[in-house]
Amino acid sequence: MGKPKKKDLPDLSHLRVPGAEITVRAAPKAARNAVVQAGEALKISVTAAPENGKATEAVRSLLAMAMGTAASNLELRRGATSRGKVFVYTGSG
């Protein structure tokens, strides 16, 4: 399955606040990549398997695409091996 197009993702540009913590619930090995906003947390489904950090990197890339920023601007604060993850936006506004 191909990468999702930017138009298929929600606009999360409001999360581009320096130092903002973004809570994510990851769903690896999903049928398709998707981002769903559920209250204050985000549910991000990725097709990548949860081995050797592949799913975490896929979540980071998909989140960055929805935010309209580079994946390098998102730092994983907590949850490297769990479904519950917290990313911090390190870029400039």
Side-chain angles (χ1 to χ4, degrees):
M1 197 156 244
K3 288 182 7 180
K5 295 183 175 36
K6 175 75 172 131
K7 66 179 178 137
D8 295 335
L9 297 173
D11 180 20
L12 300 177
S13 60
H14 65 280
L15 297 175
R16 286 188 307 206
V17 178
E21 290 192 348
I22 303 157
T23 305
V24 170
R25 178 76 176 164
K29 291 179 73 173
R32 63 185 180 91
N33 292 333
V35 178
V36 177
Q37 203 159 8
E40 291 193 18
L42 296 170
K43 181 178 179 194
I44 300 181
S45 304
V46 293
T47 57
E51 37 190 54
N52 300 325
K54 290 179 186 174
T56 300
E57 286 307 310
V59 167
R60 180 194 319 252
S61 296
L62 200 57
L63 178 59
M65 188 184 301
M67 289 174 64
T69 188
S72 60
N73 289 333
L74 293 171
E75 176 185 305
L76 183 65
R77 173 84 37 101
R78 286 190 301 271
T81 59
S82 68
R83 288 182 175 216
K85 301 182 183 303
V86 176
F87 289 95
V88 176
Y89 181 70
T90 58
S92 58

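Predicted model, so just to flag it, every value in this text is computed and none were measured.
- Minimum heavy-atom separation, Ala27 to Ala30: O-CB, 3.8 Å.
- The minimum heavy-atom distance linking Leu63 with Phe87 is given by the pair CD2-CD1, 3.9 Å.
- Put simply, the side chain of Pro50 reaches to within 4.5 Å of the side chain of Lys29, judged on heavy atoms.
- For the pair Leu12/Leu42, a side-chain contact is recorded, criterion being any heavy-atom separation below 4.5 Å from C-beta on.
- The only option from Val59, Val86, Leu76 that meets the side chain to side chain contact (heavy atoms under 4.5 Å, CB included) definition with Val24 turns out to be Val59.
- A salt bridge (Lys or Arg N to Asp or Glu O under 4.0 Å) check over residues 71-92, counting only residues at least two apart or in different chains, returns the pairs Glu21-Arg77.
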Under 3.5 Å, which donor-acceptor pairs link side chains of residues 64-74 to any protein atom two or more places apart or in another chain?
| unit_1 | atom_1 | unit_2 | atom_2 | d |
| --- | --- | --- | --- | --- |
| Thr69 | OG1 | Asn73 | ND2 | 2.7 |

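- Within the structure, the salt bridge (Lys or Arg N to Asp or Glu O under 4.0 Å) test picks out the following pairs touching residues 48-61 (sequence neighbours left out): Glu57-Arg60.
- In terms of the side chain to side chain contact (heavy atoms under 4.5 Å, CB included) criterion, Thr81 has no residue partners (sequence neighbours excluded).
- Between Leu15 and Ala20, the closest heavy-atom pair is O-CB, 4.0 Å.
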